[in-house]
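Just follow the structure's listing: the first ligand is 1, and inside any ligand the first atom is 1.
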Amino acid sequence: MPRTTPPRPTDIASLFPALRPLARPATRLHPRPGTPTVHDSSVGGPLLWPVDEPWPVCEVPHKRRTGHRIADVRREREILRRAWARNPRTGPTPDETALLATFRRGRHAPHLSDTDPLPLLAVTQLYAADVPYLPLVGDTDVLQVLWCPYERHGPRYEVNVHLRWRRSADVHDTRTPQPEPPLADRPDLVPTPCVLHPEPITEYPHWEVLPAELRSQIARRWDADTYLSDLSTAPGWKLGGHIDWRLTGPTPLHCAACEAEMRPLLTVDAREWDGGSDSWIPVEDTSHARDMGANTPTDLYAGRGQLTIAVCGRNLLHPHRLISQ
Ligand SMILES: [Zn+2]
Ligand SMILES: [Zn+2]
């Protein structure tokens, strides 16, 4: 089933033509729980990875012994999913609740030193054939994103994100099973497998990024909140578009290698919609938009909820940067 964003309440660019050059294409990814294969675009699905190619590892020194077992995180979600499907009123049985209580953060990998190479966790895979506006390097046609699920890297205590572009035709034998770390810092750094329903849309800059003159023109017609919630940027997982600088306000983004302006590549969002962004609920989801978990299909919550991977506008292989809002 495709996912369709309802038309915006107003075609704002026809009222304010000065907005037109500031429009950017974005692709809402619309992840929904499913069972993706290596040949699908996915969140948390298996990656198309050649059997003879080394799997990327985290070598940044940080504690690796302590965390949540990734196997427990998946089992807990499965138990809860079945329990609530079986009994929507009471959920898990006392036995299940007792079992879930044993899935705790702990020193579950005592053999790991703080510098042992730690396999990264597959987060998303995007095929150009499925996903409009996917930025590509050379003749590649797939983007794969992995991360080290500890928010302990660099001065801002971020996850350690690794981007890999590849040509799907080059992969003959796929690596299976795929490596992954034993533990995660938090359960919500482990994605629940989702299939994607990409949909191209148009976005306009965050309120504070607009030129002052244009902002005051728009302000005569709508308040900033309406512009921010309904007319500028979409919530949820997306490619491209504009950053919603809701927490920090805009900061300049320049490539550390060449000074070029950086652009959002991928936004990993904890919620596909919430009370402030109802107008973006796809028409196919309106009837069950308030169901438990409907707006949190990936179960991820990275950074402060909305994590954008920004890349150099001139060269995708220059160092990326993470923005957390
Ligand atoms: Zn790490
Ligand atoms: Zn650059």
Side-chain angles (χ1 to χ4, degrees), residues 24 43-44 47 49 53-74 105-124 133-138 140 143-165 178-191 239-243 250-268 298-304 307-324:
R24 282 187 192 165
V43 170
L47 304 183
W49 200 276
E53 187 179 303
W55 192 264
V57 293
C58 179
E59 291 180 301
V60 178
H62 61 76
K63 284 254 181 302
R64 289 145 159 71
R65 297 182 191 97
T66 307
H68 293 262
R69 286 192 194 96
I70 288 181
D72 287 352
V73 172
R74 296 201 177 111
R105 184 185 173 81
R107 203 165 177 274
H108 297 306
H111 57 287
L112 289 177
S113 84
D114 291 358
T115 50
D116 279 346
L118 196 61
L120 300 186
L121 183 63
V123 174
T124 188
Y133 309 122
L134 180 64
L136 295 168
V137 174
T140 61
L143 167 62
Q144 297 167 327
V145 181
L146 305 94
W147 69 30
C148 172
Y150 282 83
E151 288 183 317
R152 294 175 188 226
H153 309 90
R156 289 191 288 266
Y157 298 97
E158 296 167 327
V159 287
N160 180 5
V161 169
H162 180 85
L163 304 175
R164 182 69 61 98
W165 280 270
Q178 302 202 334
E180 63 177 24
L183 312 180
D185 211 0
R186 292 188 284 113
D188 39 20
L189 294 172
V190 180
L239 206 64
H242 284 279
I243 296 174
T251 50
L253 290 175
H254 293 289
C255 173
C258 78
E259 298 279 305
E261 194 194 339
M262 300 185 87
R263 290 197 157 216
L265 172 70
L266 175 73
T267 297
V268 170
T298 65
D299 292 310
L300 287 180
Y301 190 106
R304 287 174 283 202
L307 187 76
T308 297
I309 304 167
V311 286
C312 173
R314 201 174 287 158
N315 185 335
L316 292 168
L317 299 177
H318 283 174
H320 60 262
R321 203 168 130 181
L322 301 182
I323 296 116
S324 180

Might you point out which heavy atoms bring R186 and G303 nearest each other, and give the distance in Å?
NH2-N, 4.2 Å

Is it true that R74 and E180 have a side-chain N and a carboxylate O under 4.0 angstrom from each other?
yes

Is the backbone of E158 close enough, under 3.5 Å, to the side chain of H153 for a donor and an acceptor to pair up by distance?
yes

Does the distance from a Lys or Arg side-chain N to an Asp or Glu carboxylate O, for E53 and R164, drop under 4.0 Å?
yes

So, at under 2.8 Å, which protein N, O or S atoms would a careful student list around the Zn ion (ligand 1)?
C58 SG, H62 NE2, C148 SG, H153 NE2

Which pairs of donor and acceptor atoms, one on a side chain in residues 250-259, lie under 3.5 Å apart (sequence neighbours left out)?
unit_1: H254; atom_1: ND1; unit_2: E259; atom_2: O; d: 3.2

Do K63 and D185 meet the salt-bridge criterion of a basic N to acidic O distance under 4.0 Å?
no

Polar protein atoms (N, O or S) that approach the Zn ion (ligand 2) to under 2.8 Å:
C255 SG, C258 SG, C312 SG, H318 ND1

What pair of heavy atoms forms the shortest contact from L136 to L316, and how long is it?
O-CD1, 3.4 Å

Sequence neighbours left out, what passes salt bridge (Lys or Arg N to Asp or Glu O under 4.0 Å) with R24? Give chain and number order.
E261

Can you tell me if H162 uses its side chain to pair, donor with acceptor, with the backbone of C148 under 3.5 Å?
no

